[in-house]
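Structure first, then comments.
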Amino acid sequence: MHRHPRRPARTLSEVVDHLGASGKTGIVDGTEIRVRRPAVGRKDRDKFISGKSKQNAVKAMVVTDEDGRVLFCSPTKPGSYADITHARQLGLVKLLPEGPAVEILADAGYQGLGPQTGGHVVTPPHRKFKKSAPDRYGPHDASESSTASHT
C-alpha cells in the first residue's frame, strides 16, 4: 500500500502496515486534553476526571513514526481511561502479533503490552524490576530489542 506521507492513516491497521512496509519504528503515547466539566445529570460525568491530572479531560492515543510524523490519532475517550486500556480497545494487541515485523516504543503507561504483542511494543522496565526484571519482560534497552526481535 503506497500512502501519501503527510496524510495520517485512518486506521490502526494501516499504521501497522505502513510501519512494517517502511521499516520505521513507531512511537505511541496517550495525550490528555482538558475539557469543561460535563453537564450535571450526565451519568458518566465522573469518568472524565483524569487520575493523572485530577482534572476533567479526554484522552486520545497518538502514533507517530520515528521522524515525528503523526500517523494516527484515535477518537477521544473520557480522561479516566488508562493508556493501555485505550490501546487494547483500539485493537493494538490483536494487530501486532499477526501483522508485519514492527517495533513500537511506548512509555510506562503501556507496560504489559510487550508480552501481549509478541514483543512488538517496547516499554521501560517496571520500577520494581529495574535491576533484575523477570525473563518474561524481555530486553529493555533499545540496542538489545532491535537485535533480538523481528529477524
Side-chain angles (χ1 to χ4, degrees), residues 1-35 38 44 46-53 56-130 132-151:
M1 169 197 303
H2 200 340
R3 305 180 38 70
H4 190 279
R6 297 199 191 272
R7 182 179 74 85
R10 294 190 181 141
T11 67
L12 211 44
S13 178
E14 287 179 7
V15 169
V16 171
D17 290 344
H18 169 74
L19 290 171
S22 68
K24 291 192 173 191
T25 297
I27 301 168
V28 65
D29 201 7
T31 185
E32 282 189 359
I33 301 111
R34 287 181 56 190
V35 295
D44 61 349
D46 290 341
K47 289 184 179 179
F48 285 84
I49 298 173
S50 164
K52 182 176 182 179
S53 66
N56 291 287
V58 293
K59 285 187 176 180
M61 187 179 85
V62 178
V63 180
T64 68
D65 63 15
E66 61 195 44
D67 298 320
R69 285 188 283 267
V70 175
L71 302 176
F72 175 79
C73 183
S74 74
T76 60
K77 290 283 190 181
S80 63
Y81 272 72
D83 290 346
I84 194 169
T85 302
H86 200 176
R88 286 178 181 136
Q89 288 180 348
L90 290 167
L92 193 61
V93 172
K94 292 178 185 170
L95 288 171
L96 290 175
E98 299 166 5
V102 176
E103 181 176 69
I104 298 179
L105 305 178
D107 65 12
Y110 297 92
Q111 284 176 341
L113 281 187
Q116 294 174 4
T117 60
H120 293 282
V121 175
V122 179
T123 59
H126 192 279
R127 66 177 163 227
K128 76 178 189 180
F129 296 133
K130 273 189 180 174
S132 60
D135 291 339
R136 70 179 180 269
Y137 284 96
H140 296 293
D141 114 326
S143 63
E144 286 180 29
S145 64
S146 62
T147 58
S149 61
H150 319 307
T151 54

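Both backbone and side-chain heavy atoms feed into the values below; hydrogens, waters and symmetry mates do not. It should be emphasised that the depicted structure is a prediction, and the values quoted were computed from it without experimental measurement.
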Which is it for L71 and L19 under the side chain to side chain contact (heavy atoms under 4.5 Å, CB included) test, yes or no, and what are the steps along the way? CA-CA 9 Å; L71 302 176; L19 290 171; 3.8 Å; yes
For D83, what residues pass the side chain to side chain donor-acceptor pair (under 3.5 Å) criterion, not counting sequence neighbours? none
How close do P75 and L90 get, counting heavy atoms only, and between which atoms? CD-CD2, 4.5 Å
Side chain E66, main chain K24, donor-acceptor under 3.5 Å: no
Separation between CD1 (I33) and NZ (K59), nearest 0.5 Å, reads 10.5 Å
All side-chain contact (heavy atoms from CB on, under 4.5 Å) counterparts of A82, not counting sequence neighbours: I84, T85
Measuring only between side-chain heavy atoms, which start at C-beta, is V122 closer than 4.5 Å to L105? yes
I want to check something: taking the side chain as every heavy atom from C-beta on, are L92 and Y110 in contact at a cut-off of under 4.5 Å? no
Heavy-atom check, side chain of L113 versus side chain of T123, under 4.5 Å: no
Please answer whether the main-chain N or O of H86 pairs with a side-chain N or O of K77 as donor and acceptor at a distance below 3.5 Å. no
Where L95 and S13 come nearest, the two heavy atoms and their spacing: CD1-N, 3.6 Å
Note: I27 and D65 closest approach over all heavy atoms is CD1-O, 4.1 Å
For T76, which residues count as a side-chain contact (heavy atoms from CB on, under 4.5 Å) partner, sequence neighbours excluded? V58, A60
Could you check if a side-chain atom of H120 sits within less than 4.5 angstrom of a side-chain atom of V16, using non-hydrogen atoms only? no
